[in-house]
Visitor: 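Take this structure first; my questions come after.
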Amino acid sequence: MDMVKRAFESDLFWSFRHSPVAIISFVVAVTLILAAVFAPLLAPYNPFDPGSLNLMNGFSQPMVPNALTGDSFLMGADDQGRDVFSTILYGMRISLFVGFAAVIFALVIGIILGLTSAYAGGRVEAIIMRIADVQLTFPSILVAMLVFGIAKGFTPVHLRDQMAIWVLIVSIGLSDWVQFARVVRGAALVEKKKEYVEAAILIGRGPLGIVFRHILPNVLSPVLVIATISLALAIIAEATLSFLGVGAPPTEPSLGTLIRIGQGYLFSGEWWILFFPAMTLLMLALSVNLLGDWLRDALNPKLDD
Amino acid sequence: MISHILKRAFQSVLVLFVTGLVAFAMFRFVGDPVENMLGQERTEAEVERLREQLGLNDPFLVQYWDFISGALRGDMGVSFRQGRPALEIILERLPATLELALVSALLAMTFGILFGIFTAIRRKGVMTNFILTSSLVGVSLPTFLIGIFLIYVFSVELKVLPSFGRGDVIDLGWWDTGLLTWTGIQSLILPAITLGLYQMTLIMRLVRSEMSEVLRQDYIRFARARGLPEKAINFRHAVKNTLIPVITVAGLQIGSIIAFSIITETVFQWPGVGLLFIDSIQFVDIPVMASYLMLISVMFVGINFLVDMAYLAIDPRLRESKGH
């Protein structure tokens, strides 16, 4: 109870209550995330169950009962008669899963390397930060594509579709760790000189204990901000890779894959196959992005190192 | 200043060395080259002979050296998919990408600077708010959605601009250009806007914040106190000092434009190196992937180094603080 009370009286909550943009984006983001999590319960059809598909329903318009079967679809049906609304719910699951997993992956690597370089210093620090510099020379989407291509080369051909999601997570995660490492290092260098760290050394705590129990909690607030912004970027990166055909496989379509499929029907007038996945992606990316922006202003940590 | 230049040069060499290592590792470890070259029916002796011939039994550093010196001579291996030298295929596609990148960069610079100055001078107003809000939305939008949206409006609904390809090109011998034909220019419009939009918003925001900073300086206040007309203050004094840092940052963006052209080229089926790169990832065509990586890193490093030196040349404050 005390925790809850403290949370509601905090500065952060005050600033949240007074920012309409933050409230709206929070509601949109949470609604979308919940919809994705409970997709099996919410979706009227299971788009991956071939038994429930009826090819006669192909290209049904939104909200208009199909002339042949009489079935009605909220957001229409695609070429194979799959309910677009259901594919979006399931697609969002994959987009969000890849996004969250990639950010967590990047965060773990970034925190470990950032803390290590700040605490160890010397040659270790120099090597880690030079690698970071080299990687920063290239846009992260390019790094992600390259890692994806290399990892694909390592995967046996018959496993490529099954492994694609994991390969995608690793590629996006590896393209994004530098940010975390730099910020964590910068913050940890400041914390390292403070008295409580000296006190911890004095009472004989080992370096691991000091770094993870004492320094880490104090550098988390900038990490949280970057993680939120990174989530929006990771969702967009996933969608971009899948849209380009170097991401989620057709058997597990993410929002990007759905948009890729929908683009094929742009000229023939079946706008709903493209429009609804695109709008979903837009709302997801925009709401998380705005939330990150608000969080950055509210916590106001020094993000430059 | 000399130490600064040396440091930068060292960093450039380091980047090239590391990307070279990555490209080399791709050749060496992703898929067995012997596997790719010999068919199913082979003897152990044949495999061993080919390994020796390709130098695969040499120490790692010797192999890396062979690879780098080969790359410097323009030998980047043969495309698995097309059976032609990888570098040749890439160079063939390069003009399309460079033309697209150049036009996008020009668009981004022109409109980014114009909008930036406008929103800095008129801090409030309907137009300023409109520009700033749409720039925020523009930054959050994935590039490929912008491209699809433009195709929908201008190709599907209005039917005024083509949605894919490069139009007619004129072959100049070593360079094929789409800039000299009407269909070529028409085909360029939508991809160039798509590619340039993100960079434009970046430049606009930068110009706006730099210019707002400059407008608060003492010499601007002094100019105002002298009673100079607002136009002269803004354009003769403020803009000039705003543009120095902006031009260098914009220069750095050219590298990202070339990288981001991968996405735009796929949306518009623009026959450039980016589209080639995506194809090579899909088919795990290692020589093409590695050549693209090497080419783009040379470009990036070159641009970064030049911009850095230009910055040093333009801004006297940097030179002095480093000189002592």
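All heavy atoms count here, side chains included; hydrogens, waters and symmetry mates do not.
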Visitor: Below 4.5 Å from any heavy atom of chain B, which atoms of A:F243 appear? Answer side chain, backbone, both or neither.
Guide: side chain
Visitor: Can you confirm whether B:Y152 is buried at OH, in the sense that more than 12 heavy atoms of other residues, nucleotides or ligands lie under 6.0 Å from that atom?
Guide: no
Visitor: So for B:I148, is it side chain, backbone, both, or neither that comes closer than 4.5 Å to the heavy atoms of chain A?
Guide: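 Contact with chain A is through both the backbone and side chain of B:I148.
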Visitor: List the atom of B:Q282, the atom of A:R260, and the distance in Å for their closest heavy-atom pair.
Guide: NE2-NH2, 4.0 Å
Visitor: So, for B:M289 and A:L146, which heavy atoms are closest and what is the spacing to 0.1 Å?
Guide: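 Shortest heavy-atom separation between B:M289 and A:L146 comes out as CE-O, 4.3 Å.
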Visitor: Check each atom of B:S163 against the heavy atoms of chain A and say whether the ones under 4.5 Å are side chain, backbone, both or neither.
Guide: side chain
Visitor: State, to 0.1 Å, how close B:I281 and A:M145 come at their nearest heavy-atom pair, and which atoms those are.
Guide: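 Distance-wise, the nearest heavy atoms are CD1-O, 3.5 Å.
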Visitor: What do you reckon, is OH of B:Y198 surrounded by more than 12 foreign heavy atoms closer than 6.0 Å?
Guide: no
Visitor: Check each atom of A:L281 against the heavy atoms of chain B and say whether the ones under 4.5 Å are side chain, backbone, both or neither.
Guide: side chain
Visitor: Tell me, side chain or backbone of B:L293 under 4.5 Å from chain A's heavy atoms, or both, or neither?
Guide: side chain
Visitor: For residues A:Q263 and B:V267, report the shortest heavy-atom separation together with the two atoms involved.
Guide: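 Heavy atoms only, the tightest pair is NE2-O, 3.6 Å.
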Visitor: I'd like to know whether A:I236 forms a side chain to side chain contact (heavy atoms under 4.5 Å, CB included) with B:F144, so could you lay out the CA-CA distance, the side-chain angles of the two residues, the decisive distance to 0.1 Å, and finally the verdict.
Guide: CA-CA 10 Å; A:I236 290 180; B:F144 65 94; 5.6 Å; no
Visitor: Flag the one option from B:V301, B:V18, B:L145 with the top tally of heavy-atom pairs under 4.5 Å to chain A.
Guide: B:L145
Visitor: Can you tell me how far the CD1 atom of A:I131 sits from the CG atom of B:L14, to the nearest 0.5 Å?
Guide: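 These two atoms lie 9.5 Å from each other.
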Visitor: Please look at A:L244 and chain B and tell me whether the side chain, the backbone, both or neither of the residue comes under 4.5 angstrom of a heavy atom of that chain.
Guide: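 Both backbone and side chain of A:L244 come within 4.5 Å of chain B.
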Visitor: Using non-hydrogen atoms only, which part of B:F277 is less than 4.5 Å away from chain A: side chain, backbone, both, or neither?
Guide: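 Interface part for B:F277: side chain.
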Visitor: Answer yes or no: does atom CE of A:M163 have more than 12 heavy-atom neighbours from other residues, nucleotides or ligands under 6.0 Å?
Guide: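 Check fails, neighbour count at 12 or below.
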Visitor: As an exercise: rank A:L290, A:L233, A:L266, A:N289 by heavy-atom pairs under 4.5 Å with chain B and give me the winner.
Guide: A:L266
Visitor: Sort B:T19 into side chain, backbone, both or neither according to what part of it lies under 4.5 angstrom from a heavy atom of chain A.
Guide: side chain
Visitor: Select one option (side chain, backbone, both, neither) describing which atoms of B:V15 are under 4.5 Å from chain A's heavy atoms.
Guide: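 For B:V15, backbone and side chain are both near chain A.
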Visitor: Count the heavy-atom pairs under 4.5 Å between each of A:L282, A:L274, A:V288, A:T240 and chain B, then report the option with the highest count.
Guide: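 With the most close heavy-atom pairs to chain B, the winner is A:T240.
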Visitor: When heavy-atom pairs shorter than 4.5 Å are enumerated against chain A, which of B:T266, B:N304, B:V156 gives the highest number?
Guide: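 Ranked by heavy-atom pairs under 4.5 Å with chain A, first place is B:V156.
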Visitor: Answer yes or no: are there more than 12 heavy-atom neighbours, outside A:F16 itself, under 6.0 Å from its atom CZ?
Guide: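 Yes - once you tally the heavy atoms of other residues, nucleotides and ligands closer than 6.0 Å, there are more than 12.
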Visitor: Do other residues, nucleotides or ligands put more than 12 heavy atoms under 6.0 Å from the CZ atom of A:F267?
Guide: yes
Visitor: Are more than 12 heavy atoms, taken from residues, nucleotides or ligands other than B:F305, located less than 6.0 Å from that residue's CZ atom?
Guide: yes
Visitor: May I ask you to name which of A:A285, A:A151, A:A239, A:G256 has the most heavy-atom pairs under 4.5 Å with chain B?
Guide: A:A239
